[in-house]
Student: 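Mind looking over this structure? Questions follow.
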Amino acid sequence: MQWMEMKKDELEKQYSPSRWSHRMAADDVIKAHVKALKEGTEQARSLAQTLINVPYGDGDGEKLDVYIPRTDSLDVNLVIYIHGGYWQFLSKEESGFMAVPLIDKDVVVVAVGYTIAPKGDMDLMVSQVRRSVVSVIQQYSHISGLYLCGHSAGAHLAAMVLSTDWSQYSVTPNIKGAFLVSGIFDLLPILSTYVNEPLKMTEEVAVRNSPSQLVPQLKQSSSGCQIVVAVAQNDSPEFRKQSEEYYKALEAAGLNVTMEDVANTDHFSIIEQLVDADYHLTKLLLKMMGKS
Ligand SMILES: N[C@@H](CC(=O)c1ccccc1NC=O)C(=O)O
């Protein structure tokens with residue numbers, strides 16, 4: 001069924017990721033998610049050298065955390081992670097969880113903070129993640145490759161970074177690869193749902209911030225980027241459709257894109273498992289960086 005034909009109840013269920021987990025009840029899966037991210041981030045902060053709260057702008061929430069490998073290697077890649085949480089939950093404070101297996105392979109991990117709703121709105125969050133990427137490449141101009149990874153709302157923000165007209169910025173980032181995990185790429189279906197209550201997006205805001213509408217811009221700005229669109233086997237049909245349709249649009253535009261339907265995962269476990277070096281997506285990310 002098309003989202004436009006759905007009753008409000010059904011649409012809100014489709015856009016409630018916790019209600020589709022096969023592991024636990026909805027409330028429990030979210031609690032367990034936050035706990036897993038927190039514990040993973042604590043572990044990473046205790047093992048890695050870190051720079052916490054590095055400003056990338058003058059705004060209040062415009063700070064990022066850097067997880068640094070202990071290495072003398074000159075071939076150092078950097079992954080910027082953009083957290084999820086429907087643009088209204090989570091923060092960079094629990095977003096360093098995937099750093100351990102990456103720093104072990106000489107990869108720098110950056111967890112970006114941005115101003116979630118209701119304090120921040122969609123235009124601000126998109127502007128913040130774009131500026132954070134510019135700041136990182138100015139700070140780390142010697143790295144061998146820049147990669148992006150985003151989960152859920154963070155995958156949306158990562159796709160918006162790939163779709164940036166950089167002519168307004170001081171530098172043009174060369175993003176080699178992007179992992180878009182269980183993302184939302186068309187914001188129109190959520191306009192009438194509870195998700196939009198704190199966001200208060202108008203249709204105009206939703207359209208200009210929908211990666212699905214910006215594929216020609218992405219092709220112009222990120223033609224050399226290797227894109228992985230990953231979706232959980234147990235994501236809702238609407239979430240699965242969001243990924244599938246965005247993947248097809250990128251593919252049709254001639255971009256270097258692959259689709260990963262990750263078996264035995266749900267909306268939350270698909271990203272939580274990045275703490276594990278043996279997890280399929282961890283290995284794929286390292287392989288993309290030539291580190292397998
Ligand atoms: N109402 C949403 C809540 C949600 O998506 C969420 C809540 C807390 C932390 C993260 C979340 N989502 C994705 O990262 C749900 O049903 O899952």
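When reading the values below, keep in mind they use all heavy atoms of this one structure, side chains included, and skip hydrogens, waters and symmetry mates. Start at 1 and go down the list; that is how both ligands and their atoms are numbered. Given the structure is predicted, the values throughout are model-derived calculations rather than measurements.
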Student: Does ligand 1 come near enough to Y194 that some N or O of the ligand is less than 3.5 Å from an N or O of the residue?
Tutor: yes
Student: Does any N or O atom in S152 lie less than 3.5 angstrom from one in ligand 1, N or O only?
Tutor: no
Student: Around K38, counting heavy atoms of other residues, nucleotides and ligands shown, do more than 12 lie under 6.0 Å from its NZ?
Tutor: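 Atom NZ in K38 is not packed in, count stays at 12 or less.
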Student: With no hydrogens and no angle check, do the side chains of E245 and S212 hold a donor and an acceptor under 3.5 Å apart?
Tutor: no
Student: If you count the atoms of ligand 1 from 1 in the order shown, which ones are under 4.0 Å from a heavy atom of G85?
Tutor: 10 (C), 11 (C), 12 (N), 13 (C), 14 (O)
Student: Quick one: does ligand 1 sit under 4.0 Å from the side chain of H151, the backbone, both or neither, non-hydrogen atoms only?
Tutor: side chain
Student: How far is atom 16 (O) of ligand 1 from its nearest protein heavy atom, and which residue and atom name does that atom have?
Tutor: S18 OG, 2.7 Å
Student: Report the residues that fulfil salt bridge (charged side-chain N to carboxylate O under 4.0 Å, His left out) with E94, sequence neighbours left out, ordered by chain and then residue number.
Tutor: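 With sequence neighbours excluded, E94 shows a salt bridge (charged side-chain N to carboxylate O under 4.0 Å, His left out) to no residue whatsoever.
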Student: I need the nearest protein heavy-atom contact for atom 12 (N) of ligand 1: residue, atom name and distance, please.
Tutor: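 Going atom by atom, the protein heavy atom closest to atom 12 (N) of ligand 1 ends up being F268 CE2, 3.7 Å.
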Student: Near E204 CD, under 6.0 Å, is it more than 12 heavy atoms from other residues, nucleotides or ligands?
Tutor: no
Student: Starting from atom 5 (O) of ligand 1, which protein heavy atom do you reach first, and at what distance in Å?
Tutor: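 Looking at atom 5 (O) of ligand 1, the protein heavy atom closest to it is Y86 CD1, 3.7 Å.
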Student: Can you report which non-hydrogen protein atom sits closest to atom 7 (C) of ligand 1, along with the distance?
Tutor: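 Result for atom 7 (C) of ligand 1: F89 CD1, 3.4 Å.
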Student: If you group Ile, Leu, Val, Met, Phe, Trp and Tyr whenever their side-chain heavy atoms sit less than 4.5 Å apart, what else falls in with V100?
Tutor: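 In the cluster with V100 are L47.
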Student: For atom 8 (C) of ligand 1, grab the closest protein heavy atom and report residue, atom and distance to one decimal in Å.
Tutor: I30 CG2, 3.5 Å
Student: Looking at D165, I want to see if its CG is surrounded by more than 12 non-hydrogen atoms of other residues, nucleotides or ligands under 6.0 Å.
Tutor: yes
Student: Relative to each other, are the rings of Y246 and F185 parallel, tilted or perpendicular (30° and 60° limits)?
Tutor: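 The rings of Y246 and F185 lie parallel, inter-plane angle below 30°.
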